[in-house]
Amino acid sequence: MRMSKLFFQTLREAPADADVRSHQLMLRAGLVRQVGAGIFEYLPLGLRVKKKIETIMREEMDAIDGQEIVMPVVQPASLWKRTGRWYEIGDDLARLTDRAGRELVLAMTHEEVITELAGGVINSYRQLPVMLYQIQTKFRDEPRPRGGLIRVREFTMKDGYSFHADIASLDEYYPLVYQAYFNIFGRAGLDVIAVESDTGMMGGTMAHEFMALTEVGEDTMLLCNQCGYKANRQVATFVKSSSESRAEEAALPLEEVSTPNVDTIAALADFLDIPESRTAKALFLVATIEEDGDVKEQFVFVVVRGDMELNETKLTNVLKARQLRPAQAEEIRAIGAEPGYGSPVGIRRDEVLLVVDDLIPNSPNLVAGANRDGWHLRNVNCGRDYKPDLTVDVVAAADGHPCPTCQAPLRAVRGVEVGNIFKLGTKYSQAMDASFLDEDGGSVPMVMGCYGIGSGRLIASAIEKNNDENGIIWPITIAPHQLYLVSLATRRTPEVTETAERVYSQLQEAGVEVLYDDRDERAGVKFNDADLLGTPLRLTIGARGVKNGVAELKLRNREEIRELPFDDIVNQIQAVVEAETAAVNAKVITEPLQ
RNA sequence: CGGGGAGUAGCGCAGCUCGGUAGCGCGCUUCGUUCGGGACGAAGAGGUCGGAGGUUCAAAUCCUCUCUCCCCGACCA
């Protein structure tokens, strides 16, 4: 490709509304443009990157017997009504009506359509297992898109769905996808870690997320350097060790204490001069729970120790709730509690589900609210002063907490979820009536798995990790071009132009992906653009070199400059491209799923 | 949805307090000189000042409403 013809523009300054590094660089390098909040267009260079990533995805999915298909973005609402998600999912699901008044949705994922498709085609266990995937547009009307391509509304996803005759077959296949994902990310030059994750409303029994570790990520993971434990904060556990427990301490009598204008844990601990761990935090939530087809709201009173944070995912799962929301002040008063001074002692238990974290029974003599404005209670003891309905782990693991397997301190890190894999089970196949006949002639719902990777997030994460003050530093496997050819020709040096043109066609013929800077620009402009675009190899042809029969090769990720003689240039470039590609591929992680 | 910030030329910004009909840098066009890390000179093109309404002789500037974008939080099957 000739730069003089390329549809793009580099920017010296990043647009003011981009403040995430990858977003700034993508805009400055002319890879993408923003159309609206969370809506982007890809320019030629950006699309080349996207296509390369998708080629890697295809190769790896095909290698585990995946078959590519394409499903529609616009789908009839009736499919979503059959699985119930039309009713369960809120405003994230974009809905529209066609000219005839038929309800449609913009696909945010494709379980409904693919399950119906598979159900229609697969009739016999002999056709199983099968893996279908597509690389397609998704639309999720996120309340707050952010960070360039990190969190968007319209995006491209590689989504795969596997269908199995039984759980054993899924259990056998799932680890293959797990490894294929490491292959994809590794080949794209991106380090990821796989963590256990919440299955959420997707249902199913096991799920993993593939996280690119970066500060701009929205998820928090807890890692153990000692034993290798790693989990998303949503599901991470930790040891509430004996040092945390004061179970042996004798219970003291209840005592009211005046605490005017002390309505936070921090203020309370400060006011009474006690550690936060000697306080009880009261949280008021309203859960939407479905029971026997009835949907009802349940007031939930949660008690956790003052130094801990509630993990809403854990609580949601414990309650099997569809949704959790904070309670309103009136609702809190209605059950006999006082916002800011809440305590489980003396509330209207008939309407309240009282959940305490399992550390609370081992934490005697806590300070809790007195359900009276400006007052707290000392020496509140679970079991003596109130009896919980549920005693379970509902707090979030945090940095420094002891690892659940080896008790070494956990480390909290941020990451971007670039992929996920789920064992779905039969949730969708049952709802969509996707069954087959087994060996005994019985009609059985298919067992499913589903597997996603976001193309844009992968690109953004790769840039986030590979850049310097001058621009992007692409892994060669996903770079828009492998080589940036700089011609330093001027009007007085036609021999430089001739040489550059010749080298350009030689490299192209040899299959090297060349971006040829034939623009009438000064050297500095070309070098700076080469750095900004992050092309892995840069080959410079100038008057000096032409005289000596050499071109200069510099790698974006290294300092040295090498001189290559023109008569062997194609071979040498090819060798470097191969070596760089091999270096990326050598870092692919092989990690058997435990 | 709550809190904060911003919309003026392709990008970055000034002008607004105190109304008088829009400016700077980069980029873009033409010519000349230059040419190995973002050149110089000269001449140009480009703006419904986010939108609507109002006040006024006069609105980028004051008032009201509204739209959009960004950040933090809530949310994220």
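Comparing the C1' positions of B:G10 and B:G47 gives a spacing of 12 Å, expressed to the nearest Å. Across B:A58 and B:C40, the matching P atoms stand 46 Å from one another, rounded to whole Å. Here the separation of B:G27 from B:G3, taken at their C1' atoms, is 37 Å to the nearest Å. Rounded to the nearest Å, the gap between the C1' atom of B:A60 and that of B:C49 is 5 Å. Nucleotides B:C18 and B:C62 have their P atoms positioned 9 Å apart, rounded to a whole Å. When the P atom is used for both B:G41 and B:G25, the distance is 11 Å, rounded to whole Å. For B:A14 and B:G7, the C1' atoms lie 15 Å apart once the distance is rounded to whole Å. On the P atoms, B:U61 is 14 Å away from B:U8, given to the nearest whole Å.
Remark: P of B:G37 and CZ of A:Phe527 are 7 Å apart, rounded to the nearest angstrom. When the C1' atom of B:U68 is taken as reference, atom CD of A:Gln34 falls 11 Å away, rounded to whole Å. The CG-P distance, from A:Asp17 to B:C72, rounds to 13 Å in whole Å. In this structure, CD of A:Gln24 is placed 15 Å from P of B:C11, rounded to the nearest angstrom. Residue A:Arg491 contributes atom CZ, which lies 9 Å from atom C1' of B:G32 at whole-angstrom precision. Atom CD of A:Glu495 and atom C1' of B:G36 are 14 Å apart (whole Å). Atom CD1 in A:Ile150 sits about 17 Å away from atom C1' in B:C72, given to the nearest Å. A:Asp92 has its CG atom 12 Å from the P atom of B:C75, to the nearest Å.
Residue-to-nucleotide proximity on RNA chain B shows that, of A:Phe155 and A:Gly524, the 5′-proximal contact is made by A:Gly524. Positionally, the nearest nucleotide of RNA chain B for A:Pro15 lies more toward the 5' end than for the other of A:Val35 and A:Pro15.
Using a cut-off of 4.0 Å between Lys/Arg side-chain N and Asp/Glu carboxylate O, A:Arg82 and A:Glu116 are scored as salt-bridged.
In this model, no donor atom of one side chain and acceptor atom of the other lie less than 3.5 Å apart for A:Tyr428 and A:Thr83. No hydrogens or angles considered: a donor-acceptor pair under 3.5 Å links the side chains of A:Asp198 and A:Asn317.
Between the side chain of A:Lys281 and the backbone N or O of A:Met308, at least one donor-acceptor pair lies under 3.5 Å. When atom types are taken as modelled, the side chain of A:Thr264 and the backbone of A:Ala267 share a donor-acceptor pair closer than 3.5 angstrom.
The nucleotide whose nearest atom lies closest to any side-chain atom of A:Leu11 is, among B:G36, B:C72, B:C11, B:C11. Listed candidates were B:C11, B:G38, B:G36. Nearest to the side chain of A:Arg544 is B:G36. Checking B:G36, B:C11, B:G38 against every side-chain atom of A:Arg12, the shortest atom distance belongs to B:G38. In this structure, the nucleotide among B:C71, B:G37, B:C11 sitting nearest to the side chain of A:Asn528 is B:G37. Considering only side-chain atoms of A:Val525, the nucleotide from B:G38, B:U34, B:G36 that sits closest is B:G38.
Across all strands, A:Ala18 comes closer than 4.0 Å to no nucleic acid atom at all (heavy-atom distances). At the heavy-atom level, A:Asp19 lies under 4.0 Å from the strands shown only through sugar-phosphate atoms.
For A:Arg538 against B:G37, a side-chain N or O and a base N or O form a donor-acceptor pair under 3.5 Å.
Contact of the A:Phe210 side chain with the A:Ile421 side chain is registered, since non-hydrogen atoms from C-beta on lie closer than 4.5 Å.
If you check B:A42 for Watson-Crick or wobble pairing at under 3.5 angstrom, you find it paired to B:U30. Base pairing of B:A52: its partner is B:U64, meeting the Watson-Crick or G-U wobble criterion (both donor-acceptor distances under 3.5 Å).
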Would you list the atom pairs, donor with acceptor, under 3.5 Å between side chains in residues 531-550 of chain A and any protein atom, with sequence neighbours excluded?
unit_1	atom_1	unit_2	atom_2	d
A:Asn548	ND2	A:Arg544	O	3.4

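Distance CD/A:Glu88 to CG/A:Leu93: 11.5 Å, rounded to 0.5 Å.
Partners of A:Tyr174 under the ring pair (Phe, Tyr, Trp, His ring centres under 6.0 Å) rule, at least two apart in sequence or in another chain, are A:His208.
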Listing time: all N or O pairs from protein to nucleotides 40-46 of chain B that are below 3.5 Å?
none

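Residue A:Arg144 has a polar side-chain atom (N or O) positioned under 4.0 Å from OP1 or OP2 of B:C72.
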